[in-house]
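Here the structure is laid out as structure tokens; the discussion comes afterwards.
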Amino acid sequence: MKALGIGVPDDPRTAGEEDIVGARIGGRLVDLQTSLWEGGTIVPVRGTDPDALFLTRHTAAHVMAQAVKELFPEALLAIGPVIEDGFYYDIDVSRPFQPEDLDRIEKIMKRIVKEKHPVRRRRLDREEALGFFRDDRYKQELIRDLPEDAEITTYTQDTFTDLCRGPHAPHTGFIKAFKLLKVAGAYWRGDEKRQMLQRIYGTAWHSREELKAYLTRLEEAKKRDHRVLGRKLDLFSVVEEIGPGLILWHPRGALVRRILEDYWREAHDRGGYQIVYSPHVGRSTLWKTSGHLDFYKENMYPEMQLENQSYFVKPMNCPFHNHIYKARTRSYRDLPLRYAELGTVYRFERSGVLHGLLRVRGFTQDDAHIYCTEEQVKEEIRTVIRFSLEVLRRCGFEEFASYIATRPDEKYVGRPEEWELAEEALKEAATAEGLEFEVDEGGGAFYGPKIDLKIKDALGRAWQCSTIQFDFNLPERFGLEYIAEDGKPRRPYMIHRALLGSMERFFGCLVEHFAGAFPLWLAPEQVRVLTVTEKTVDYGREVARILREKGIRVGEDFGSDKIGKKIRNAETMKVPFMLILGERDREKSEVSVRKHGEGDLGAQTLEDFCRSFLAEV
RNA sequence: GCCGAUGUAGCUCAGCGGCUAGAGCAACCGCCUUGUAAGCGGUAGGUCGUGGGUUCGAACCCCACCAUCGGCUCCA
């Protein structure tokens with residue numbers, strides 16, 4: 001057995017190869033102590049390769065663990081994986097970590113890094129491992145849960161040894177730049193019934209510059225935070241007296257929403273949908289029929305009693321749409337039927353998960369339910385995916401990821417053939433539309449398979465909005481039928497579809513995607529007219545009137561501030577165009593145009609401005 | 001729900017057991033008549049999240065509650 005022993009500091013190191021951190025053997029990332037146990041090309045991983053970050057971050061997690069152990073010898077270590085941009089370690093300590101503890105831990109980590117301790121790998125058998133970690137119930141549990149044939153290894157640096165699969169950097173000195181970011185509570189193995197552990201998050205990079213760039217990136221993301229921009233741009237608010245997770249749409253936010261909804265309705269009209277409305281509450285019998293009282297009750301607002309009847313606020317729109325379907329006998333000639341609604345629903349979300357507009361308790365779904373025959377399923381799915389992509393692209397999103405979830409192994413309703421057809425339809429449609437998809441085998445809900453579409457925003461973050469789900473449960477429960485060609489009743493296929501997801505969530509996405517600078521067609525205020533002095537107020541009014549007549553959304557700033565201040569205000573509010581009107585402009589019947597983020601575009605006639613504006617919208 | 005942090009004027013924050021709780025921005029009132037990212041002066045604005053407690057005295061210490069923020073398997 002030969003180890004790749006290049007780069008362990010006290011080993012003879014190959015001249016000029018000091019920056020080798022690890023290697024890939026046939027695609028598998030390993031450290032330099034891995035034995036050559038199978039074939040494949042060995043590709044060294046050098047200091048600045050992306051793979052190197054994985055190794056050093058993993059090692060950084062161990063160094064952090066060692067530092068924690070020095071400060072809190074009684075602490076038990078659970079797991080400490082590498083995550084995107086960094087690492088964390090879950091630790092069981094008697095006293096929760098204070099933010100100040102992070103400084104102390106960091107200090108010790110710096111020492112350990114500076115001392116360049118080699119990281120040594122050791123294989124041991126199960127008994128040895130259980131013995132070694134006899135005082136640590138977490139490690140014991142991990143070892144016991146490892147598969148029979150698993151190779152069990154530990155990694156040691158300095159005085160610290162941890163159970164770990166690896167791989168790691170050759171020595172602690174490979175950690176060039178790191179920072180501990182935050183502490184948080186986390187359940188052991190993510191299970192809320194089990195022990196609450198303390199998690200420390202950290203980040204590690206190849207250099208101080210990269211670390212700094214990362215921290216700057218975090219700052220930038222914070223500036224785009226829809227909650228911050230929502231207040232700055234006066235778009236929406238959430239107030240304590242009204243209740244958590246309940247949104248007030250201010251005029252500017254409401255206007256963006258209305259424009260979006262107008263487009264949505266127009267697109268749905270074109271797309272063969274019929275727009276419907278349904279009430280906000282329904283009798284308990286309805287929710288009994290739909291099964292929500294059996295399967296969804298903990299997410300529903302509690303019962304209301306009136307005149308001896310009980311009602312529930314709706315958490316979903318589907319039962320209502322089913323009743324529209326049932327309002328008369330349907331023929332196969334009527335199908336497909338596509339009902340769409342901007343339906344406001346209320347769901348009880350646990351207080352800890354609420355988040356701005358992204359996770360709320362009251363929201364408006366852009367919901368649709370499609371009823372079709374078996375023969376129509378494939379075409380229908382293809383159409384709905386194409387339609388979804390068209391709408392999302394129009395809203396400014398170009399990149400998508402998709403996930404298909406298939407039939408669970410055990411509990412499910414419907415016939416296996418139905419599931420197969422549906423899954424097939426989803427895969428075919430995704431492929432046909434050029435969507436890359438991952439399949440979550442067995443990950444579907446009990447009532448049907450689905451495809452989720454995620455959009456990627458300007459910072460490359462993925463947001464789940466659209467979902468298209470088959471439902472083999474509700475048609476049964478509501479007894480939905482249509483009369484087929486042979487005169488016999490048949491059960492239709494039912495498909496749930498949310499495209500933007502909810503207006504709240506999608507709007508939050510839009511705000512972050514555009515950093516609050518909405519594209520012209522969505523901007524609540526497209527043009528702001530600014531007067532240089534009050535001598536041009538009349539001219540300003542006239543210009544604003546003309547723009548408004550052309551359907552342009554215009555704001556006015558005719559106050560006594562100096563022009564620099566007015567411009568600053570308009571820039572801060574991210575108004576796409578500013579028309580600056582001084583006496584010079586009035587005399588020549590012109591407007592001085594300034595574009596948000598670009599600056600002065602010079603003077604032109606109002607007609608020219610309108611023409612180019614309307615062309616751009 | 002659970003762990004931690006936070007909650008002071010519309011907003012951003014200072015004050016951390018001892019005088020009538022402060023600043024900047026915003027608002028309002030003046031002055032300035034202004035040309036591409038903050039002109040100057042003044043005025044008003046606060047149950048210090050809510051409720052209890054400790055104390056001669058609480059924004060500050062303790063308890064409970066409410067809300068917000070960061071997290072709560074990317075599995076050794």
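In the text below, chain A, chain B and the rest are named by the order of the sequence lines, each starting its count at 1.
G564(A) comes within 4.0 angstrom of sugar-phosphate atoms only, judged by non-hydrogen atoms across all strands, and of no base. Residue-level contact check: V353(A) touches the bases, meaning some heavy atom is under 4.0 Å from a base atom. No engagement by D191(A) is indicated, since no non-hydrogen atom pair under 4.0 Å with the nucleic acid exists. Residue contacts shown for K566(A) are absent, as no nucleic acid heavy atom lies under 4.0 Å away. When heavy atoms are screened at a 4.0 angstrom cut-off, L181(A) is found touching no nucleic acid atom at all. In this structure, I567(A) reaches the bases: a heavy-atom distance under 4.0 Å links it to at least one base atom across the strands shown. Using a 4.0 Å heavy-atom criterion, one finds that R227(A) contacts the sugar-phosphate atoms exclusively. As judged by a 4.0 angstrom heavy-atom cut-off over every strand, L146(A) is placed among the base-contacting residues. Among the protein residues, I563(A) comes within range of the sugar-phosphate backbone only, with heavy atoms under 4.0 Å from sugar or phosphate atoms but none that close to a base. At a threshold of 4.0 angstrom between heavy atoms, the contacts of R350(A) include nucleobase atoms, whether or not backbone atoms are also involved. Contact annotation for A184(A): base contact, defined as any heavy-atom pair under 4.0 Å involving a base atom. Among the atoms of the strands shown, base atoms are found under 4.0 Å from some heavy atom of S560(A).
Side-chain proximity of V532(A) to C72(B), C11(B), G35(B): nearest is G35(B). Comparing atom distances between the E583(A) side chain and each of G35(B), A37(B), C11(B) picks out G35(B) as nearest. Side-chain proximity of K565(A) to A26(B), U12(B), A76(B): nearest is A26(B). Of the candidates A76(B), G35(B), A37(B), the closest approach to any side-chain atom of I79(A) belongs to A76(B). Side chain of I580(A), nearest nucleotide from G35(B), C2(B), A37(B): G35(B). Set against A67(B), G35(B), U33(B), the side chain of P244(A) has A67(B) as its closest nucleotide. Of the candidate nucleotides C75(B), C66(B), C11(B), C75(B) has the atom nearest to the side chain of R189(A). In this structure, of U73(B), G4(B), G35(B), it is G4(B) that holds the atom nearest to the side chain of P96(A).
The nucleotide U20(B) finds no pairing partner, because no Watson-Crick or G-U wobble arrangement with both distances shorter than 3.5 Å includes it. Base pairing analysis places U43(B) opposite A27(B); the two distances defining the Watson-Crick or G-U wobble pair are each below 3.5 Å. Across all strands shown, U55(B) forms no Watson-Crick or G-U wobble pair with both distances under 3.5 Å. Look at C69(B): its Watson-Crick or wobble partner, with both distances under 3.5 angstrom, is G4(B).
A distance of about 7 Å separates the C1' atoms of C62(B) and U54(B), rounded to the whole Å. Taking atom P on both G30(B) and G17(B), the two are 45 Å apart, rounded to the nearest angstrom. Separating the P atom of C19(B) from that of A26(B) is a span of 31 Å, rounded to the nearest Å. Between the P atoms of C25(B) and G71(B), the separation comes to 34 Å (whole Å). Comparing C61(B) with G18(B), their P atoms are spaced 11 Å from each other, to the whole Å. Separating the P atom of G51(B) from that of A27(B) is a span of 32 Å, rounded to the nearest Å. When the C1' atom is used for both A21(B) and C13(B), the distance is 14 Å, rounded to whole Å. Between the P atoms of U8(B) and C69(B), the separation comes to 14 Å (whole Å).
Look at K182(A) and you won't find any side-chain N or O under 4.0 angstrom from OP1 or OP2 of G70(B). Distances shorter than 4.0 Å separate none of the side-chain N or O atoms of H596(A) from OP1 or OP2 on A37(B). Applying the 4.0 Å criterion to OP1 and OP2 of C31(B), one finds that K562(A) has every side-chain N and O outside that range. Distances shown here put every side-chain N or O of R194(A) at or beyond 4.0 Å from the OP1 or OP2 atom of C72(B). The shortest distance between the side-chain N/O atoms of Q98(A) and the OP1/OP2 oxygens of A5(B) is below 4.0 Å. When the side-chain nitrogen and oxygen atoms of Y138(A) are compared with OP1 and OP2 of U73(B), none of them lie within a distance under 4.0 Å.
With respect to the salt-bridge test (charged N to carboxylate O, under 4.0 angstrom), the residues E220(A) and K223(A) qualify. Contact check on D452(A) versus K454(A) returns no salt bridge, with no Lys/Arg side-chain nitrogen under 4.0 Å from an Asp/Glu carboxylate oxygen. A salt bridge links D225(A) with R227(A); the closest basic N to acidic carboxylate O contact falls under 4.0 Å. At a threshold of 4.0 Å, the pair R545(A)-E542(A) counts as salt-bridged, since one of the basic side-chain nitrogens sits closer than that to a carboxylate oxygen. Remark: K535(A) does not engage E587(A) in a salt bridge, criterion side-chain N to carboxylate O under 4.0 Å.
Look at CZ on R57(A): it is 15 Å from P on C75(B), rounded to the nearest Å. Rounded to an integer number of Å, the gap from OH of Y187(A) to C1' of U73(B) is 14 Å. The distance between atom CD of E151(A) and atom P of A76(B), rounded to the nearest whole Å, is 14 Å. Here the C1' atom of nucleotide U68(B) and the CD atom of E241(A) are 17 Å apart, to the nearest Å. In this structure, CG of D85(A) is placed 16 Å from C1' of G71(B), rounded to the nearest angstrom. As rounded to whole Å, 18 Å separates atom P of A5(B) from atom CZ of R199(A). Rounding to whole angstrom units, CZ of residue R528(A) and C1' of A37(B) are separated by 13 Å. If you take CZ of F97(A) and C1' of G71(B), they are 15 Å apart, rounded to a whole angstrom.
Put simply, the side chain of R594(A) and the base of U36(B) share a donor and an acceptor less than 3.5 Å apart. For a distance-only test at 3.5 Å, the side chain of D600(A) fails to qualify as a donor-acceptor partner of the base of G35(B). Below the 3.5 angstrom threshold, one finds a donor paired with an acceptor across the side chain of E571(A) and the base of A37(B).
Checking E512(A) against W463(A) by side-chain atom types alone, no donor-acceptor pair falls below 3.5 Å. Side-chain atoms of H117(A) and T172(A) form no donor-acceptor pair, as typed in the model, at a separation below 3.5 Å. For the residue pair D92(A) and Y138(A), a side-chain donor N or O sits within less than 3.5 Å of a side-chain acceptor on the partner.
Looking at heavy atoms from C-beta onward, K566(A) lies out of side-chain contact with M578(A) at the 4.5 angstrom threshold. Between I152(A) and L163(A), some side-chain heavy-atom pair lies under the 4.5 Å cut-off.
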